[in-house]
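For reference, the structure discussed in these notes is given below.
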Amino acid sequence: MTTARPLALITGAGRGLGAAIARDLAADHDLLVGARSVEALAAVTGELPGATPWPVELTDYPAVAAACAPITRLDVLVHNAGVADLGTIADSTVDQWRYTLEANLIAVAELTRQLLPALRAANGHVVLINSGAGLRANPGWASYAAAKFGLRAFADALRAEEPGLRVTSVFPGRIDTDMQREIIAGEGREYRPEEFLKPSTVAAAVGNAVRTPADAHPAELVLRPWRH
């Protein structure tokens, strides 16, 4: 696949932060926007006519391989898709641990592996949307934090193994998204959007990292909500 502008693939782009990142990068990138189905991408592709839907279930590894095969050059890969299945260690199950680690870590590793030739061809940039939970584990977040700590280790290893690529880990605090509403409801608290980062704010930070001049390597970026 060839393109006149840099090509970016964004996973989890159907809503929330992923859609915000797509809006930011659309200014100067051609886009592949990923989600589980074409239907999940209808809103963002309707808003961004230049975006091409890339529907694939990221834990279906034969489907991932088939979807990656036509991509021969990729300038930016943004790993945004993920799940938050929370609960205490005492109440957790093997299935919960497997589900959380599979979606948030193993699928990321395999998608990156499949796209390494295309990324190498472009001296590309891999952006991993991590979390504050990737820096500190809090009660009730064990499996999610374990996956995000693993994602940070994966980014560090990728950065060391692939010196031709830039690899950026982004550690945002809580973001005002539908997923956040579900988390707050599970915590039994009132939802106050002003307490959280705006998706557009985090997306702008991702865009700034991607657009950093080539003589610099933005390795890690930490964002926290600022109440003032």
Side-chain angles (χ1 to χ4, degrees), residues 1-83 102-130 151 154-155 158-159 162 164-170 172 199 202-212 218 221:
M1 182 180 294
T2 59
T3 178
R5 302 199 303 169
L7 178 64
L9 168 58
I10 305 159
T11 68
R15 59 177 184 163
L17 178 57
I21 293 170
R23 292 184 194 103
D24 187 280
L25 294 185
D28 49 8
H29 289 73
D30 290 333
L31 301 180
L32 296 173
V33 287
R36 288 190 175 99
S37 67
V38 172
E39 292 75 20
L41 292 162
V44 71
T45 54
E47 179 185 349
L48 304 173
T52 300
W54 196 74
V56 63
E57 170 54 66
L58 295 176
T59 58
D60 181 344
Y61 300 121
V64 168
C68 290
I71 304 172
T72 58
R73 182 182 177 89
L74 184 64
D75 297 274
V76 180
L77 171 59
V78 180
H79 288 288
N80 171 71
V83 300
E102 186 88 24
N104 292 325
L105 179 57
I106 298 171
V108 169
E110 178 58 12
L111 177 59
T112 305
R113 188 184 72 83
Q114 291 286 347
L115 289 172
L116 271 178
L119 288 162
R120 289 167 177 159
N123 292 121
H125 195 157
V126 180
V127 179
L128 300 109
I129 304 301
N130 202 296
L151 189 64
F154 173 77
L158 182 64
R159 197 178 297 114
E162 298 289 336
L165 306 183
R166 295 200 292 185
V167 180
T168 302
S169 288
V170 182
V202 181
V206 171
N208 286 338
V210 168
R211 298 181 183 99
T212 298
L221 176 61

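Hydrogens, waters and symmetry mates play no part in the numbers below; they use all other heavy atoms, side chains included.
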Quick one: list whatever passes side chain to side chain donor-acceptor pair (under 3.5 Å) with [X], sequence neighbours left out.
{"X": "E110", "result": "R113, Q114"}
{"X": "N208", "result": "none"}
{"X": "H29", "result": "none"}
{"X": "E57", "result": "R36, T59"}

With sequence neighbours excluded, what pairs up with [X] under the salt bridge (charged side-chain N to carboxylate O under 4.0 Å, His left out) test?
{"X": "R159", "value": "D156"}
{"X": "E39", "value": "none"}
{"X": "D28", "value": "R211"}

> Between L77 and L111, is any pair of side-chain heavy atoms under 4.5 Å apart?
Replying inline: yes
> Do T168 and T212 have side-chain heavy atoms sitting under 4.5 Å apart?
Replying inline: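 A side-chain contact under 4.5 Å is absent here.
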> Tell me, which pairs form a salt bridge (charged side-chain N to carboxylate O under 4.0 Å, His left out) where one or both residues lie in residues 10-21, sequence neighbours left out?
Replying inline: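 Those involving residues 10-21 are R15-D178.
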Any side-chain to backbone donor/acceptor pair from [X] onto [Y]? Under 3.5 Å, distance only.
{"X": "N80", "Y": "G12", "value": "yes"}
{"X": "D75", "Y": "L7", "value": "yes"}
{"X": "T72", "Y": "A118", "value": "no"}

Residue list, side chain to side chain contact (heavy atoms under 4.5 Å, CB included) with [X], at least two apart or on another chain:
{"X": "A19", "result": "R23, V44"}
{"X": "A103", "result": "V83"}
{"X": "A109", "result": "F154"}
{"X": "P199", "result": "A20, I175, D176, T177"}

